[in-house]
Amino acid sequence: MGSLSTILRHPDELYPLLKLKLAITKAQKQIPLEPHLAFCYSILHKVSKSFSLVIQQLGTELRNAVCVFYLILRALDTVEDDTSVPVEIKVPILIAFHRHIYDGDWHFSCGTKEYKLLMDQFHHVSAAFLKLEKGYQEAIEDITKRMGAGMAKFICKEVETIDDYDEYCHYAAGLVGLGLSKIFIASELEILTPDWKQISNSTGLFLQKTNIIKDYLEDINERPKSRMFWPREIWGKYVDKLEDFKNEEKATKAVQCLNEMVTNALNHVEDCLKSLASLRDPAIFQSCAIPQIVAIGTLTLCYNNVQVFRGVVRMRRGLIAKVIDRTKTMDDVYGAFYDFSCMLQTKVDNNDPNAMKTLNRLETIKKVCRENGVLHKRKSYVNDETQSKAIFVVMFVLLLAIVVVYLKANQRK
């Protein structure tokens, strides 16, 4: 649930953590009895606990469609990510994947751990897919076909330019945003907005770029061969080889490049906020809003942080629990983006070559949040110092009282 030292430093996160733990337990108990869907929800919990949790509020029909959609794209991504699979085998599988989902006997062994289980038992996912309404099937097939073709293209192509970077992220995640929009529309719970394609694509790009940034070390150390998606147009300004960022003597250049990558990702925030503001169904809204808030929080932690090149950088579980607990309305979203933008702003070094660009981006984001959100009426996600201190004092007093009672009880014996 979280280490004791972390909880003591952030006592206001204890209650959200307990609620999250109960929600996870409840979700595990709600796994359907039907064997194919039972496998789908069970494996979804293994490959992404957070996504498994945020879709629980969706209605049963829509939840099943989103669950199956996620697993199909996760399987496709597993094929792409496995660098041990020869290119001549991998590329045809990616291109034909949208046909394999209709084949109840198809499977392909690759990946590791829970991802290998997903691939070995893929017939369960296919069977669940074939039971979905036709509108859902058509949306999922279309996105799977386009994503597979795009991934196949970049198996044989390096990410050289920022345009290449945006194109890859479109195939890897922008299409997920488009696909989810199509599924929501098929459910008749949401409607199209004139710019839905652009803003749906941006929500995916924002999430994908966040993952690409934070996963630098894991991806560069991938064996038998690393796969990197940082564009040469950015990192080539700082080093000759992307792996040089692991060297301590390149730390300054590494952080400067990292900051430019984060600033690039921030370009998508306004579209993300617009996309979330267009959603009408509360459950759909919450399932889409939480990952976006976690993304801006993760970028805030990564910015100007050399630890990205040394180990793992991620949001505290307690802070994620707080986000899940408090994200109910668009005002909550504006508040979270405003808070994290303010926090990121304090980390900007004026000597950074992209400092002015970063600060301008953050000011634009904060302006959008101020103009659209009721910021003064909500609790801060990251600036609850007064509340945290008060809770800490209460916890300390309670703990002291328990110790006193215990000691008195022992004295009577």
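Just so it is clear, the structure is predicted and the values come from calculations on it, not from any experiment.
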Trainee: Would you say L37 and N64 make side-chain contact, with heavy atoms under 4.5 Å?
Mentor: yes

Trainee: Would you sort out whether Q137 and F129 count as a side-chain contact (heavy atoms from CB on, under 4.5 Å), showing the intermediate values?
Mentor: CA-CA 7 Å; Q137 289 183 358; F129 167 76; 3.8 Å; yes

Trainee: Quick one: salt bridge (Lys or Arg N to Asp or Glu O under 4.0 Å) partners of D271, sequence neighbours excluded?
Mentor: none

Trainee: Quick check against the 3.5 Å criterion: does D82 have a side-chain atom that pairs as donor or acceptor with the backbone of C110?
Mentor: no

Trainee: Has the side chain of D142 got a donor or acceptor atom that lies under 3.5 Å from a matching backbone atom of A139?
Mentor: no

Trainee: Side chains of residues 239-256: which donor-acceptor partners sit under 3.5 Å, not counting sequence neighbours?
Mentor:
from	atom 1	to	atom 2	distance (Å)
D244	OD2	K241	N	3.3
K246	NZ	N221	OD1	3.0

Trainee: Please name all residues satisfying side chain to side chain donor-acceptor pair (under 3.5 Å) with H98, sequence neighbours left out, ordered by chain then number.
Mentor: none

Trainee: Between the main-chain N or O of W235 and the side-chain N or O of W230, is there a donor-acceptor pair closer than 3.5 Å?
Mentor: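 Not confirmed, W230 side chain does not pair with W235 backbone.
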
Trainee: Where do V333 and M330 land on the side-chain contact (heavy atoms from CB on, under 4.5 Å) test, with the steps shown first?
Mentor: CA-CA 5 Å; V333 173; M330 199 60 210; 3.8 Å; yes

Trainee: To the nearest 0.5 Å, how far apart are CD in Q345 and OH in Y303?
Mentor: 10.5 Å

Trainee: Let's go through F122 and F97 carefully: what are the C-alpha distance in whole Å and the side-chain angles of both, what is the deciding distance for ring-ring contact (aromatic ring centres under 6.0 Å, His included) to 0.1 Å, and is it a yes or a no?
Mentor: CA-CA 12 Å; F122 192 75; F97 209 89; 5.6 Å; yes

Trainee: Is it true that atom OH of Y15 has more than 12 heavy atoms of other residues, nucleotides or ligands lying nearer than 6.0 Å?
Mentor: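 Count not over threshold, so no.
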
Trainee: Between atom OG1 of T25 and atom CG of L20, what is the distance when rounded to the nearest 0.5 Å?
Mentor: 9.0 Å

Trainee: Over 60° means perpendicular and under 30° means parallel, so classify the ring planes of H123 and H36, tilted if in between.
Mentor: perpendicular

Trainee: Does a side-chain heavy-atom distance below 4.5 Å link T83 with R223?
Mentor: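 The answer is no, as the side chains (C-beta and beyond) never meet within the 4.5 Å cut-off.
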
Trainee: Donor-acceptor pair, distance only, cut-off 3.5 Å: does the side chain of N305 make one with the backbone of C302?
Mentor: no

Trainee: Counting N and O atoms only, with roles assigned by atom type, does the side chain of Q208 sit under 3.5 Å from a partner on the main chain of C169, one being a donor and the other an acceptor?
Mentor: no

Trainee: Could you tell me which non-hydrogen atom of T300 sits nearest to which non-hydrogen atom of F340, and how far apart they are?
Mentor: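 It is OG1-O, 3.4 Å.
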
Trainee: Does any part of the side chain of I143, heavy atoms only, come nearer than 4.5 Å to the side chain of I72, both counted from C-beta?
Mentor: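 When only atoms from C-beta onward are counted, I143 and I72 do not touch, as no gap falls below 4.5 Å.
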
Trainee: Not counting sequence neighbours, which residues clear side chain to side chain donor-acceptor pair (under 3.5 Å) with S109? List them please.
Mentor: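 Per chain and number, S109 pairs via side chain to side chain donor-acceptor pair (under 3.5 Å) with K116, D120.
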
Trainee: For the NZ atom on K366, are there more than 12 heavy atoms of other groups (residues, nucleotides or ligands in this structure) within a distance under 6.0 Å?
Mentor: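 Result for NZ/K366: enclosed.
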
Trainee: Determine whether more than 12 heavy atoms belonging to other residues, nucleotides or ligands lie under 6.0 Å from atom CZ of R370.
Mentor: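 Yes, because the 6.0 Å sphere around CZ of R370 holds more than 12 heavy atoms from other groups.
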
Trainee: Between M261 and I234, what is the shortest heavy-atom contact and its length?
Mentor: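 Nearest pair, atom of M261 first, then I234: SD-CD1, 3.8 Å.
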
Trainee: Would you call E13 and R316 a salt bridge, taking side-chain N to carboxylate O under 4.0 Å as the test?
Mentor: yes

Trainee: Atom CG of D163 and atom NE2 of H170: how far apart are they, to the nearest 0.5 Å?
Mentor: 13.0 Å

Trainee: Is the shortest side-chain heavy-atom distance between L180 and S200 below 4.5 Å?
Mentor: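 When only atoms from C-beta onward are counted, S200 and L180 do not touch, as no gap falls below 4.5 Å.
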
Trainee: Hey, mind stepping through C40 and V125 against side-chain contact (heavy atoms from CB on, under 4.5 Å) and telling me if it holds?
Mentor: CA-CA 6 Å; C40 288; V125 182; 4.2 Å; yes

Trainee: Do K347 side-chain atoms and L301 backbone N/O form a donor-acceptor pair below 3.5 Å?
Mentor: yes

Trainee: Taking atom CG of L299 and atom CE of M315, what is their separation to the nearest 0.5 Å?
Mentor: 11.0 Å

Trainee: Are D349 and N259 packed together at the side-chain level, in the sense that at least one heavy-atom pair is separated by less than 4.5 angstrom?
Mentor: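 In short, these two side chains do not touch, never coming nearer than 4.5 Å.
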
Trainee: Can you tell me how far CG of D77 sits from CG of L94, rounded to the nearest 0.5 angstrom?
Mentor: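 It comes to 9.5 Å.
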
Trainee: Which residue pairs pass the salt bridge (charged side-chain N to carboxylate O under 4.0 Å, His left out) test when at least one of the two sits in residues 257-266, sequence neighbours left out?
Mentor: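 Those involving residues 257-266 are K237-E260.
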
Trainee: I need the minimum non-hydrogen distance between I155 and E80, along with the two atoms involved.
Mentor: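 The pair with the smallest heavy-atom distance is CD1-CG, 4.0 Å.
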
Trainee: Restricting to non-hydrogen atoms, name the atom on A38 and the atom on L33 that form the minimum distance, rounded to 0.1 Å.
Mentor: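 Closest heavy-atom pair between A38 and L33: CB-O, 4.5 Å.
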
Trainee: Please examine the side chains of V87 and C156, heavy atoms only from C-beta on, and report whether any two atoms are closer than 4.5 Å.
Mentor: yes

Trainee: Do K197 side-chain atoms and P194 backbone N/O form a donor-acceptor pair below 3.5 Å?
Mentor: no

Trainee: Minimum heavy-atom separation for L58 and V66, please, with both atom names.
Mentor: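 Taking L58 first and V66 second, the nearest heavy atoms are CD1-CG2, 4.1 Å.
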
Trainee: With a sphere of 6.0 Å drawn around CD of E158, does it hold more than 12 non-hydrogen atoms of other residues, nucleotides or ligands?
Mentor: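 No, CD of E158 has 12 or fewer neighbouring heavy atoms, counting only those of other groups under 6.0 Å.
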
Trainee: Can you find a heavy atom in the side chain of T144 that is under 4.5 Å from one in the side chain of L73?
Mentor: yes

Trainee: With a 6.0 Å cut-off (strictly less than), is the heavy-atom count around CD of E270, excluding the residue itself, greater than 12?
Mentor: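 Buried by this count: over 12 neighbours within 6.0 Å.
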
Trainee: For K182, is there any backbone N or O sitting under 3.5 Å from a side-chain donor or acceptor partner on W196?
Mentor: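 The answer is no, because no donor-acceptor pair under 3.5 Å joins these two groups.
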
Trainee: So, for Y171 and M151, which heavy atoms are closest and what is the spacing to 0.1 Å?
Mentor: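 So the minimum-distance heavy-atom pair works out to CB-N, 4.4 Å.
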
Trainee: Any side-chain heavy atom of F39 within less than 4.5 Å of one from L117?
Mentor: yes

Trainee: How long is the straight-line distance from NZ of K322 back to CG of L17, given to the nearest 0.5 Å?
Mentor: 10.0 Å

Trainee: Just list the side-chain donor-acceptor pairs under 3.5 Å for residues 275-296, sequence neighbours left out, or say none.
Mentor:
from	atom 1	to	atom 2	distance (Å)
S278	OG	S275	O	2.6
R280	NH2	L189	O	3.4
D281	OD2	A283	N	3.1
D281	OD2	I284	N	3.0
Q286	NE2	T327	O	3.1
S287	OG	A283	O	3.4
S287	OG	I284	O	2.8
Q292	NE2	T203	O	3.2

Trainee: Apply side-chain contact (heavy atoms from CB on, under 4.5 Å) to the pair R74 and I43, showing each step before the final yes or no.
Mentor: CA-CA 11 Å; R74 176 59 71 182; I43 197 69; over 6 Å; no

